[in-house]
Every structure is written in C-alpha cells, then in structure tokens.
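Below is one structure, written out as structure tokens, with a few remarks after it.
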Protein chains: 2
Amino acid sequence: MPYPAKLTTDQILDAAQTLLETQGAEALTMRSLAQVLGVQASSLYRHHASRDVLLLALSDRAALELLDTLLDVSRGLSPRAALEGAAQAYLDYARSHPNLYALLLLKRGPLSSDQLARSAGKQLWNGFLRLVGALSGDPDDTDHAVAYWTLLHGFAELERSGAFGASGPRGGLDVGLTAILDHMEAAAG
Amino acid sequence: MPYPAKLTTDQILDAAQTLLETQGAEALTMRSLAQVLGVQASSLYRHHASRDVLLLALSDRAALELLDTLLDVSRGLSPRAALEGAAQAYLDYARSHPNLYALLLLKRGPLSSDQLARSAGKQLWNGFLRLVGALSGDPDDTDHAVAYWTLLHGFAELERSGAFGASGPRGGLDVGLTAILDHMEAAAG
DNA sequence: GTCTATAGACAGATAGAC
DNA sequence: GTCTATCTGTCTATAGAC
C-alpha cells in the first residue's frame with residue numbers, strides 16, 4: 001500500500017532545511033534525510049534528481065526567505081531607517097541560520113536570461129536595489145547596492161569565522177554602514 | 001633504500017597548494033596529493049597528522065602570503081593610497097587564488113592566548129590595523145579596520161559567486177571604499 | 001621514513017519488484 | 001511512489017614489514 005504518497009517535494013525540503021540548520025551541510029546526506037522522513041533514500045530521487053539539485057532548491061528558499069524578512073522589517077520606514085533595519089535583519093538572519101546562509105552563494109549552472117530574471121538570487125538583488133534606490137534617488141543604483149550588500153555579507157562572514165577575535169566588532173559595522181548611507185544621501189543631493 | 005627522505009613538510013604543502021588552486025578543495029585528498037609527490041598516501045601522515053591539520057597549515061600560509069602582498073604594495077605610499085592599493089591587491093589575490101582564499105576563514109579549534117597572538121590570522125588583522133591607523137590617526141582603530149576588511153571580503157565573495165550578475169560591479173567597490181576612506185579621514189580631522 | 005595491505009566507513013545513485 | 005538490494009566509487013587512517 002504505497003498509496004497515498006508519503007512525501008511531497010516541499011516536505012522533503014522542510015526536513016532538509018531542518019537537518020542542514022541543526023547538523024550542518026555534511027550531515028545532510030540522502031540517507032540521513034530519508035531516515036528523518038521515515039523513508040528509503042532511493043525514494044527521494046523521485047522528487048529531486050540529485051543532492052546538488054536539492055541544495056540549490058534550499059539556496060533559493062533561503063534567498064526568498066531572507067528577502068521577505070528584509071522587506072517586512074523595512075516596510076513603512078523612512079528610506080534610511082529601512083536600510084538600517086534591513087541591515088540588522090540581514091545579520092540576524094545570517095546568525096540564526098548560519099548553515100543555510102552559507103548556501104546562499106552557491107555556484108549555479110548557466111541559466112537562460114528568462115530563468116535568470118525569475119531566479120531567487122535576482123529577486124533578492126532587486127530587493128536591495130529598491131531599498132537603496134529609495135534613499136539615493138536612483139532606482140537602478142547598482143554601485144550603492146553593491147556597496148551595501150558587500151558590507152553586510154562581508155560582516156556576516158567575518159563574524160561567523162571568528163576572524164575579529166574577542167574584541168567586539170559591533171562598532172565596525174555601524175561605522176561602515178553610516179559611511180555608505182551618508183554617501184547615498186549625498187548622492188541624492 | 002628509503003633514505004634520504006623524499007618528502008619535507010614544506011614540499012608537501014607546496015604540492016598541496018598547487019593541487020588546491022588548480023583542482024579545488026575536494027580534489028585535494030591524501031591520495032591525490034601523494035600521487036603528485038610520487039609517494040604513498042600513508043607516508044604523508046609522518047609529516048601531517050591529518051588532512052584537517054594540513055588544510056589549516058595551508059590557511060595560515062595564505063594569510064601570511066596575503067599579508068605580505070598587502071604590505072608590499074602599500075610600502076612608501078601615502079596612507080590613503082596605501083589603503084587603495086592594498087584593496088586592489090587584496091581583490092587580485094582573492095581572484096587569482098580563489099580556492100586558497102576560501103580557506104582563509106576556516107574554523108579553528110580554541111587557541112591559547114599565546115598561540116593566538118602569533119597566529120597568522122592575528123598577524124593579518126594587525127596588518128589591517130596598521131594600514132588603517134595610518135590614515136585615521138588611531139593606531140588601534142578597530143571599527144574602521146573592521147569596516148575596511150568587511151568591505152573587501154564581502155566584495156571578493158560576492159564577485160566570486162556571480163551574485164552581481166553581468167552588470168560590472170566595479171563601481172560598487174569604489175563607492176564603498178571611498179565612503180569608508182572618507183570617513184577615516186574625517187575621523188582623523 | 002616509506003612501503004604494502006587493509007580496515008572501516010560512508011557516499012550518490014540505479015535496477016527492478018511491487 | 002516506495003521498496004529491497006546492490007553497484008561503484010570515494011575517502012581517512014592505521015598496522016606492521018623493511
């Protein structure tokens with residue numbers, strides 16, 4: 001009686017995300033995932049062609065979840081406050097989902113321009129553009145968006161790695177963020 | 001006739017670095033490394049207790065090599081030009097040694113405070129402090145050093161991942177760097 | 001200090017029955 | 001769509017001869 005289906009693609013991803021976040025990327029194997037789901041490993045291949053495909057799906061989820069968080073927290077705020085709030089939310093997300101966050105920048109195969117436009121990564125990027133554009137006045141302000149994201153990602157990674165040592169680097173983010181936001185406001189003139 | 005020794009610890013690291021840079025981290029196995037060296041994998045364990053230890057040694061090398069590059073390129077320049085030159089050199093290094101660079105922020109076990117003070121990561125950090133302090137006037141300007149390193153690391157990673165897409169993000173680094181360097185100069189007042 | 005040989009574990013993925 | 005069974009490959013690391 002294999003019917004009805006025990007698994008759905010989303011259920012698998014839910015379990016995979018939990019496993020990833022709690023045990024790390026190496027612990028996320030097809031076997032361990034199957035065990036959590038009470039299923040045989042070979043059954044998973046009906047839903048995801050390979051482990052790599054599954055990881056990419058998790059990466060997309062992370063990008064969209066992060067984007068949602070950023071938009072939520074910034075809603076209704078002034079442009080500057082939105083960028084400050086989003087920065088906090090970004091770092092909070094990276095801190096509370098370190099293993100998932102590490103998947104965010106996974107290498108992808110080449111995409112068609114149509115696929116690219118819909119991709120989760122592109123949507124996240126567009127979110128940054130929108131937040132930044134509201135302050136600088138340029139709706140396609142690539143340069144400032146790059147600078148802003150760069151700062152956030154770099155801080156998230158260096159913090160996680162412990163490279164800063166014990167000396168609390170909190171002030172370092174504030175300084176960098178202030179410098180860049182000031183620069184945006186100056187550009188808006 | 002096993003004598004004289006075929007291997008030295010440094011020769012092994014040289015070969016490991018080459019293998020890592022050309023083939024990626026996954027391709028760096030004790031077997032593949034031994035093959036390159038014309039030796040059996042088991043022989044490597046006389047020189048490095050485990051693969052993890054070997055990777056940490058590579059990480060230390062990368063930190064010191066990068067530090068040398070930064071100091072070289074900035075020697076004799078004005079404080080601001082030094083920071084600009086070092087930024088370029090940092091990104092060049094990350095671009096030309098992507099797999100090695102990725103090891104830079106490896107997790108470490110806990111160190112004694114003495115070990116920590118001598119560690120390659122700490123030396124690199126001190127290099128940043130020196131470069132930054134020359135411009136801002138504060139020889140222990142943690143905040144600005146964090147902001148500077150954060151920007152460089154974030155840019156290196158996002159560039160490598162392709163997250164920026166085809167739109168050349170060059171200007172984004174310039175904008176962020178200018179903003180932060182201006183902020184340092186203002187602090188020096 | 002390097003060798004042979006092997007232990008021991010684990011992984012991704014597939015074939016074919018039901 | 002899930003199962004059992006298995007293929008095939010990978011790896012780190014150790015024991016003991018020389």
Side-chain angles (χ1 to χ4, degrees), chain A residues 1-62 99-100 102-103 106-109, chain B residues 1-62 99-100 102-103 106-109:
Chain A
M1 312 70 167
Y3 300 93
K6 292 165 113 174
L7 298 173
T8 69
T9 299
D10 265 4
Q11 276 171 1
I12 295 174
L13 287 178
D14 286 343
Q17 181 168 340
T18 302
L19 201 52
L20 174 73
E21 286 180 353
T22 57
Q23 313 266 29
E26 296 188 345
L28 175 52
T29 67
M30 300 304 265
R31 285 171 178 10
S32 66
L33 178 56
Q35 191 181 16
V36 165
L37 289 161
V39 138
Q40 292 301 315
S42 55
S43 305
L44 301 174
Y45 289 87
R46 285 278 157 197
H47 302 270
H48 298 95
S50 73
R51 181 177 182 266
D52 282 350
V53 167
L54 198 148
L55 289 180
L56 287 177
L58 284 180
S59 171
D60 286 348
R61 279 189 147 201
N99 296 316
L100 190 59
L103 286 189
L106 263 194
K107 283 235 167 122
R108 317 252 163 186
Chain B
M1 309 75 165
Y3 300 94
K6 293 165 111 175
L7 299 173
T8 69
T9 300
D10 266 3
Q11 276 170 1
I12 295 174
L13 288 178
D14 287 342
Q17 182 169 339
T18 301
L19 203 51
L20 175 73
E21 287 181 353
T22 58
Q23 314 266 29
E26 295 187 346
L28 175 53
T29 68
M30 300 304 263
R31 287 184 196 327
S32 65
L33 178 55
Q35 190 182 15
V36 165
L37 290 162
V39 139
Q40 294 300 315
S42 55
S43 305
L44 301 174
Y45 290 88
R46 284 279 158 198
H47 301 270
H48 299 95
S50 73
R51 181 178 182 266
D52 282 350
V53 167
L54 198 148
L55 289 179
L56 288 177
L58 285 180
S59 171
D60 285 347
R61 279 189 148 201
N99 296 315
L100 189 58
L103 287 188
L106 266 192
K107 284 236 165 119
R108 317 249 162 190

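Values below: every heavy atom of this structure, side chains too, minus hydrogens, waters and symmetry copies. Note on naming: letters A, B, ... go to the chains in the order of the sequence lines (proteins, then strands), and numbering restarts at 1 for each one.
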Output the rounded distance in Å from [atom1] ([X]) to [atom2] ([N]).
X	N	atom1	atom2	answer
B:His48	C:dG1	NE2	P	13 Å
B:Ile12	C:dG1	CD1	P	11 Å
B:Leu37	C:dT2	CG	P	10 Å
A:Gln35	C:dA11	CD	C1'	15 Å
A:Arg46	C:dA15	CZ	P	11 Å
B:His47	C:dT2	NE2	C1'	9 Å
B:Leu33	D:dT12	CG	P	10 Å

- Message: Between A:Ser43 and D:dG1, is there a contact of a side-chain N or O with OP1 or OP2 at under 4.0 Å?
- Response: no
- Message: Is it the case that the base of D:dT4 and the side chain of A:Ser42 share a donor-acceptor contact (distance under 3.5 Å, atom types as modelled)?
- Response: yes
- Item | Summary of protein contacts for nucleotides 6-11 of chain D, nucleotide by nucleotide, where a base hit scores B, a sugar-phosphate-only hit scores S (4.0 Å, heavy atoms) | -----B
- What is the minimum heavy-atom distance between A:Thr8 and A:His47, and which atoms define it?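 In this case the closest contact between A:Thr8 and A:His47 is C-ND1, 4.3 Å.
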- Task: Return the 5'-most residue of the pair B:Asp52, A:Gln40 with respect to DNA chain D, ranking by each residue's nearest nucleotide.
- Result: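 Residue closer to the 5' terminus by nearest nucleotide: A:Gln40.
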